[in-house]
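A quick write-up on the structure given underneath.
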Amino acid sequence: MQFSYSWLKTQANPNLSADELAHLLTMAGLEVEETEKAAPAFSGVVVAEVKSVEKHPDADRLNVTKVDAGAGGLIQIVCGAPNVKPGIKVPCSLPGAVLPGNFKIKPTKMRGVESNGMLCSTDELGLPDDGVDGLHILPADAPVGTDIREYFDLDDTVFTLKITPNRTDCLSIKGIAREVSALTQCAFNPVTIQTASVRHDKKQAVRIDAPEDCGRFISRAIENVNAKAETPAWMKHRLERSGVRSVSALVDIGNYVMLEIGQPMHVFDADKINGSIIVRRAQNGETLECLNEKNVTLSDNTLVIADEKGALSMAGLMGGEGSAVSDETTRIVLEAAYFNPATISGKSRQYGFGSDSSFRFERGVDWQLQADAIERATELVQQICGGEAGEMVEAEGQLPQAKQVEIRLERLEKMLGVSVPAQQVETILQHLGLNPVKSAEGFTVTAPSFRFDIEIEADLVEEIGRVYGYENIPDNHTSGRLKMLELPETKRPRFAVYNEMAARGYQEVVSYAFVDGQWEQDFAANTNPIRLQNPLAAQYAVMRSTLVGGLVEILQNNLNRKQSRVRVFEIARVFSKDSDGQFQQKERIGGLWYGSVAPEQWGEKARPVDFYDVKADVENLLKDKAVTFVKAQHPALHLGRTANIVSDGVVIGFVGELHPKWLQKYDLPQAALVFEIDMDAVLGRDKTRYQAVSKFQAVRRDLAFVVPESMSHDELLAALNTKANALVQEISLFDVYRGAGLPEGTKSLAVKVILQDMESTLTDEVVGPLMTKLVESATAIGAQLRS
């Protein structure tokens with residue numbers, strides 16, 4: 001919300017500086033994002049009247065003017081503006097003036113002719129563009145000699161507020177003035193609403209066919225208006241300083257009323273309406289050409305204002321071009337309505353555009369303000385454009401019900417931590433427009449129509465607290481005793497995981513939980529993801545079921561910034577649907593490694609990361625659990641370079657190299673390695689058990705087996721472990737050989753077997769039979785002992 005301080009002062013004047021008011025509003029919960037002057041600093045510019053214009057004797061594009069600047073006598077100024085002519089009033093910078101950018105005006109000669117000043121355009125003064133090529137033409141009644149800063153009130157301050165969604169009442173000058181009055185106890189003087197005299201019997205019939213969506217709709221027909229009338233300068237300035245562009249008098253009046261009292265309005269050309277105005281849901285496929293020149297295909301969840309031929313506008317969002325006013329309009333229909341916020345909410349995202357009206361309607365507009373808005377707009381139309389007003393026609397649907405809320409003084413003191421006198425509580429509530437009534441324990445408030453957010457006692461406590469002043473509530477330091485909770489021995493601390501990943505060179509990242517639907521198809525083969533009803537943007541339309549897409553996007557961002565080595569991880573939730581259609585969410589840890597294994601250096605030859613580097617990171621992460629890696633297929637990963645991570649027979653994750661087709665599609669110069677694991681598995685660990693260290697010498701035996709190329713070393717180790725007993729301390733692979741001396745399609749896997757007894761030194765008589773059993777177990781699955 002943007003507004004002018006001078007406009008605010010017409011309804012509440014707190015006698016505070018702009019900085020003091022900004023601090024007060026921010027401390028009361030209405031955050032002031034910024035304040036700025038209505039115009040940049042300049043001086044020495046006054047209102048002047050051009051008395052005569054003659055062509056410059058030595059320049060075709062220059063004129064020699066005589067102007068009256070109120071200083072006694074005429075001043076000669078050479079001017080090159082195309083619109084200069086006798087009789088107009090314009091800003092004039094006299095010698096000694098300083099324009100924006102520290103541009104100083106001095107007497108000078110232009111092509112031999114003396115010039116004692118400069119006639120100015122809006123651009124030269126740093127004012128909003130008036131669309132005129134040349135000088136800024138002032139109203140005919142502008143007093144000659146008046147300082148332009150004073151005439152335009154350019155020392156005014158423009159405030160920009162960041163209004164929270166529950167405070168729609170502060171999206172108007174009236175609402176902010178009410179707040180300022182409550183905060184400073186200054187007088188609250190809202191604009192007086194005049195009742196228009198009815199001059200004709202023509203009415204615009206209205207009907208509500210969607211009463212749950214539209215609680216009230218009011219129309220008024222006004223005849224014989226002059227749509228070509230000029231918007232007054234005072235109204236233009238107030239609109240400009242509120243961030244609204246002036247369009248035409250009739251459109252400006254609707255915007256002005258919205259900013260002044262908070263009710264969005266629309267003005268229809270009465271000659272373009274066929275029969276009654278009907279508020280209804282759109283029909284699927286119905287089309288509308290909007291004022292923003294977009295042709296929209298409507299869906300049946302959209303509320304429209306229509307006549308008997310079709311839709312005229314999108315209710316609360318955007319008017320239609322077909323019923324818009326123009327310079328030829330002579331008969332208009334004013335419209336003001338209350339729409340259910342839930343009906344308007346989300347439509348801006350659905351159709352890809354919004355408006356100041358939709359911003360207000362989707363948060364909730366005062367449902368008793370519509371008649372006042374019609375009367376105020378009628379008054380302004382008649383002042384500026386003339387015309388005769390007819391009677392208001394009102395249709396009513398389902399309106400909200402006022403809520404009664406009680407605030408207990410004892411509860412107030414307990415929640416705020418300070419005793420606020422009952423009289424002060426009553427005064428605060430009255431200034432906020434809440435009209436309190438004394439009760440046995442405090443006050444009862446009937447929430448006014450402009451305060452949707454007053455529903456429970458805590459809401460009133462908050463109101464008292466912020467107006468009383470949070471800075472006036474003493475700091476009572478709380479004290480308490482923290483109990484150290486025991487962490488189960490089988491549970492790993494979460495921060496240990498973060499530390500572990502950081503220690504291995506990974507950096508934590510955070511990405512959106514909603515992603516592009518194409519990512520789900522590419523990286524998870526998920527053709528039916530969980531879709532958002534109101535996505536923030538098209539690329540955030542579904543909920544992720546894997547972390548891979550987000551990690552790849554982060555990799556792309558880093559590559560675009562010339563980062564050649566990327567190691568990132570993320571701990572976050574993924575989302576899916578079970579067979580019954582119920583939503584499930586699981587926490588997972590995902591990691592990505594791209595580029596070389598080590599930074600460029602002299603001591604180690606550069607080598608790109610491979611599957612086994614990332615597998616080592618995964619094994620380190622799961623070092624407290626017994627896991628195996630099983631060859632697998634995954635839609636995101638390279639066939640033959642992918643493995644499932646298995647613990648206790650359950651797949652807890654995967655690890656592998658990104659598939660070449662995704663490298664090409666996502667423009668990755670080389671392969672990236674990724675992994676993803678259930679966090680429950682990472683945080684769980686086997687219970688630590690004490691075991692004494694043997695005092696006796698360990699025995700090592702090496703076995704080499706010739707196995708088919710398709711056999712993995714995990715299969716071989718699993719077979720060997722079936723025959724191992726308590727003497728076997730370790731069986732591990734230490735060599736793989738392919739080449740001469742082996743049959744085609746085979747390889748040699750060499751394992752070491754470490755044996756050790758706790759009671760005695762092992763002998764060949766004990767070790768030999770055990771080694772024979774191990775060989776037999778390997779032979780049973782197709783392995784042959786290599787000679």
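Atoms considered below: every heavy atom in the structure, side chains included; atoms not considered: hydrogens, waters and symmetry mates. Positions are given from 1 along the sequence.
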Look at atom CG of N295 and say whether more than 12 heavy atoms of other residues, nucleotides or ligands are closer to it than 6.0 Å. yes
Heavy-atom count check: over 12 atoms from other residues, nucleotides or ligands less than 6.0 Å from K104 NZ? no
Side-chain heavy atoms of F339 within contact of E362, under 4.5 Å: no
Any ion pair linking R238 and E260 (charged N to carboxylate O, less than 4.0 Å)? no
With a 4.0 Å cut-off on N to O distance, would you call E321 and K294 a salt bridge? no
Side chains of M235 and I253, heavy atoms from C-beta outward: is any pair under 4.5 Å? yes
Decide if the gap between the ring center of F152 and the ring center of H237 is smaller than 6.0 angstrom. yes
Check E223 with K202, please: is the shortest side-chain N to carboxylate O separation under 4.0 Å? yes
Mind listing the closest non-hydrogen atom pair of I554 and S511 along with its distance? CD1-CB, 4.4 Å
Interatomic spacing from CD1 in I173 to CD1 in I261 - rounded to 0.5 Å: 12.0 Å
I332 versus L250: any side-chain heavy-atom pair under 4.5 Å? yes
Side chains of P264 and F361, heavy atoms from C-beta outward: is any pair under 4.5 Å? yes
Could you check whether W7 and F159 have their ring centres less than 6.0 Å apart? no
Determine whether more than 12 heavy atoms belonging to other residues, nucleotides or ligands lie under 6.0 Å from atom CG of D667. no
Heavy-atom check, side chain of L312 versus side chain of V304, under 4.5 Å: no
Does a sphere of radius 6.0 Å around NZ in K37 hold more than 12 heavy atoms from other residues, nucleotides or ligands, not counting ones at 6.0 Å or beyond? yes
Checking E114 against Q76 for the side-chain hydrogen bond (donor to acceptor under 3.5 Å, both in side chains) test, could you report, in this order, the C-alpha distance in whole Å, the side-chain angles of both residues, the deciding distance, and whether it holds? CA-CA 7 Å; E114 185 176 350; Q76 179 171 291; 5.7 Å; no
Between I176 and M1, is there a side-chain heavy-atom distance shorter than 4.5 Å? yes
4.5 Å side-chain heavy-atom contact, R331 and V225: no
Charged N to carboxylate O under 4.0 angstrom, R167 versus E179? yes
Establish, from distance only, whether the side-chain atoms of Y351 and T302 form a donor-acceptor pair under 3.5 Å. yes
Do P341 and Y338 touch side chain to side chain, with heavy atoms closer than 4.5 Å? yes
Are more than 12 heavy atoms from other residues, nucleotides or ligands located less than 6.0 Å from atom CG of D123? no
What is the distance from atom CG of N116 to atom CG of L74, rounded to the nearest 0.5 Å? 12.0 Å
Give a yes or no on whether R111 atom CZ has more than 12 heavy-atom contacts from other residues, nucleotides or ligands under 6.0 Å away. no
Crowded around F188 CZ? As in, over 12 foreign heavy atoms under 6.0 Å? yes
Are more than 12 heavy atoms from other residues, nucleotides or ligands located less than 6.0 Å from atom NE2 of H23? no
Regarding T164 and N166, do their side chains bring together a donor and an acceptor under 3.5 Å, going by distance alone? yes
Answer yes when K228 and D327 have at least one side-chain N-carboxylate O distance shorter than 4.0 Å, and no when they do not. no
Using a distance-only test with no angle check, is there a side-chain donor-acceptor pair under 3.5 angstrom linking D269 and S323? no
Between E375 and Q194, a side-chain donor and acceptor under 3.5 Å: no
SB check R241 D156 (cutoff 4.0 Å): yes
Smallest separation among heavy atoms of A142 and L138, with atom names: CB-CB, 4.2 Å
So, for A311 and L288, which heavy atoms are closest and what is the spacing to 0.1 Å? O-CD1, 3.5 Å
Does any donor atom in the side chain of N224 or E388 lie under 3.5 Å from an acceptor atom in the other side chain? yes
